Enquirer: 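Just passing along the structure, written as C-alpha cells.
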Amino acid sequence: MRRDRGDARLSGRLSGWVRGLRPRLMIVCVLLAVLSAVTAAGLVYRQARDLMLARTEWSLVNEFRLRVATLTENMQHPPDRPALQRLANGVAPSFLEATGAAAYRGGGLVASGDDTGAITPELRRTVLDRDRLFHQRVVRSGTPYLVVGTPVMLGKQATSSGVEVYLVVSLAKEQREEELLVTAARNGAIPVVLLAVALALVAARGVLRPVRDLDRAARRLGAGELDTRLKATGGDELARLVNTFNATAAALEANVSELRSMEVQARRFVADVSHELRTPLASILAMADMFEEEAGHLEGDLEKAARLMNLEVGRLVRLVEDLMEISRFDAGAAKLVLDDVDTADAIRACLRTRGWTGRVGLDLPAGVRIRMDPRRFDVIVANLVGNALRHGAPPVTVRLRAEAETVVIEVRDAGDGVDPRILPHVFDRFSKADEARTRSDGSGLGLAIARENARLHGGTIEVANPPEGGAAFTLTLPRHPRPPQTDPDDASPVGRREP
C-alpha cells in the first residue's frame with residue numbers, strides 16, 4: 001500500500017512536470033529538431049546511395065558491354081563449350097568479385113564461378129525476349145548482386161546468334177558503404193538533437209524567466225508584500241503582462257493601505273470610547289446598585305424604573321468590557337499569564353463563583369493538570385456554560401477528557417440545538433442564538449471572546465448538534481501552550497460583572 005502511494009505521488013509529479021511550460025517547449029523544440037535532422041539525413045542518405053549505386057551500375061554495365069563486344073568480335077559460330085568458357089571468363093573483371101556466364105540457345109550456363117544462382121530463368125527469358133542488354137539488382141541470401149545480361153549480336157544486321165552472356169557482380173562493398181552512410185547520418189543527427197536540447201533549454205529559460213518572476217511576485221503579493229513590483233523590459237506580450245501586474249499591485253496596495261488605516265482608526269475609536277466610558281460607567285453602576293437597594297422603599301413606577309436602570313446599566317457595563325477585551329485581541333495586546341492549574345478545580349471554581357453548581361452535571365476526573373491562564377480559562381468556561389444555560393435546556397453537563405498532548409472539555413445541553421443557519425456563525429461577533437430577539441442579556445461577544453482566548457492558548461472551540469439532540473461545544477487546549485507572558489494592562493477591569 002505504501003509503495004502504491006509512493007508510485008501514485010511519483011506519477012503525479014511526473015504528470016505535473018510534463019504539463020509545465022518548460023517541458024512542453026523543450027519537447028516541441030526537440031521534436032522539430034529530430035524531425036528536421038531525420039528528414040535531412042534521410043534525404044542526404046537516399047541521394048548519396050542512389051548516386052553511388054547509379055555510378056557503380058553505369059561503370060559495370062559499360063565495362064560489360066565493351067568486354068562482350070571485344071570477346072565476340074572474332075567468335076566462331078556456333079560456339080563450342082570451350083568458346084563459351086572463354087567468353088564467361090573474359091567478361092568477369094579480375095579486380096571484382098564477379099562471375100561470368102554464357103549459354104547457347106537456352107542451354108546450360110557455362111560459368112567462371114559459383115555465383116550463378118542470381119541468374120534466374122525469369123531473368124534469362126527477359127534478356128531473350130527483349131533482345132537487348134538488361135540489368136537488375138537481386139538480393140540472394142542477404143547479399144545484394146548486380147546481374148547484367150545481353151544476347152550476342154552477329155553481323156551488320158545485328159541478328160541474334162543465340163548466345164547469352166551474363167555478369168554477376170557482388171554489391172557487398174556498396175552495401176558496406178551504404179551502412180557507413182546510415183551510421184554517418186545517425187551520428188550527424190545525434191549532435192543536432194543534442195544541440196536542439198541545449199538551444200531549447202536556453203530558449204525556455206529566456207521565455208519562461210518572466211513567467212517565473214511573475215509567479216514569485218504573485219506569491220509575495222499573496223503573502224502580504226504589497227510593495228512587490230517587477231521590472232518590465234521590451235514591448236512584447238510578457239512586458240505588457242508585467243506592466244498590468246505592477247498596476248494591479250499598486251492599486252491593491254493603495255486599497256489595502258486605505259482599508260488598514262480605516263480599520264486601525266475604527267479599532268482605536270472603539271478602544272478609546274470603551275476606555276473613556278469605564279470611569280463614568282463605574283460611577284453610574286455604583287449609583288444603580290444604590291437605587292437597587294432602595295427600590296423597595298420607592299413608590300409606584302419609581303421602583304420598576306430603579307430596577308430597570310440597574311439591569312440596563314449592567315448590560316452596558318458588560319458590553320463596554322467585552323468591547324475592550326475584543327480591542328485587546330485585535331491590537332495583539334492580549335497576553336497569557338500561565339500557571340500550573342488543576343483543570344477540574346478550575347471548572348468547579350468557575351461554576352461555584354456564578355452559583356451554577358447545582359444546575360450543571362459534572363464529569364471531571366481528578367489530577368488533570370495543564371499550564372494555562374486561569375482568568376482567561378474562567379472566561380471561556382463561563383461563556384460556554386452560560387450560553388448552554390440561557391439558550392439550551394437541562395440537563396447541562398460538563399465533561400473533561402485527558403489526552404496525550406491535549407485536554408478536551410465538552411459542554412452539552414439537551415435543548416433544540418443551534419439553528420443550522422446560524423451554526424457556521426456562532427462564534428461571529430454580535431451573533432445571537434435568536435435573531436428575532438434584538439435585546440437580550442448577552443452582548444453577542446461572549447463566544448467570540450471565548451474563541452479568541454482559546455486561540456491565545458493554542459487551542460480551539462467547535463460547536464455541533466449531536467444526533468441525540470442539544471448543542472455540544474468542545475474546547476480543546478494543549479497541555480503546554482506558549483511560554484507565559486505578562487501584561488500589566490491586562491488586569492480584570494473595574495466594575496465588570498461576570499457572566
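Note that the coordinates shown come from a computational prediction; the quantities given were computed from them, not determined experimentally. For this chain, numbers begin at 1 and follow the sequence in order. As a basis for the values below, the full set of heavy atoms in this structure was taken, side chains included, without hydrogen atoms, waters or symmetry mates.
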Enquirer: Under a 3.5 Å threshold, yes or no: a donor from one side chain and an acceptor from the other, between Thr397 and Arg399?
Expert: yes
Enquirer: How long is the span from the CD atom in Gln85 to the CG atom in Asp80, to the nearest 0.5 Å?
Expert: 11.0 Å
Enquirer: In Å, rounded to the nearest 0.5 Å, how long is the span from CG of Leu146 to CZ of Phe64?
Expert: 10.0 Å
Enquirer: For Glu462, is there an ion pair with Arg451 - N to carboxylate O distance below 4.0 angstrom?
Expert: no
Enquirer: Which atom names give the shortest non-hydrogen contact between Ala454 and Leu475, and what distance separates them?
Expert: CB-CD1, 3.8 Å
Enquirer: Do any N or O atoms from the side chain of Asn387 and from the backbone of Asn383 form a donor-acceptor pair under 3.5 angstrom?
Expert: no
Enquirer: Show your working on side-chain hydrogen bond (donor to acceptor under 3.5 Å, both in side chains) between Arg86 and Asn89 and close with a plain yes or no.
Expert: CA-CA 5 Å; Arg86 288 192 298 273; Asn89 294 337; over 6 Å; no
Enquirer: Does Asp340 come within less than 4.0 Å of Arg371, counting only side-chain N to carboxylate O?
Expert: no
Enquirer: Is a salt bridge present between Arg219 and Glu225, judged by a nitrogen-to-oxygen distance below 4.0 Å?
Expert: no
Enquirer: Using atom types as modelled and distance alone, determine if a side-chain donor or acceptor of Asn465 lies under 3.5 Å from a backbone N or O of Ala471.
Expert: no
Enquirer: Does Phe245 reach the side chain of Leu221, with side-chain heavy atoms less than 4.5 Å apart?
Expert: yes
Enquirer: Quick one, Pro365 and Leu400 - any side-chain contact, counting heavy atoms below 4.5 Å?
Expert: yes
Enquirer: Counting only heavy atoms not in Arg81, do more than 12 fall under 6.0 Å of its CZ?
Expert: no
Enquirer: Nearest 0.5 Å, what's the OG1-OH distance between Thr99 and Tyr145?
Expert: 8.0 Å
Enquirer: Would you say that more than 12 heavy atoms from the other residues, nucleotides or ligands in this model lie under 6.0 Å from the CD of Glu405, or not?
Expert: no
Enquirer: Report the distance from atom NE2 of His457 to atom CZ of Arg479, rounding to the nearest 0.5 Å.
Expert: 14.5 Å
Enquirer: Roughly how far, to the nearest 0.5 Å, is the CD1 atom of Ile380 from the CE atom of Met372?
Expert: 9.0 Å
Enquirer: Answer yes or no: is there an ion pair linking Glu403 with Arg401, defined by an N-O contact shorter than 4.0 Å?
Expert: yes
Enquirer: Measuring from Ile119:CD1 to Leu109:CG, what's the distance to the nearest 0.5 Å?
Expert: 5.5 Å
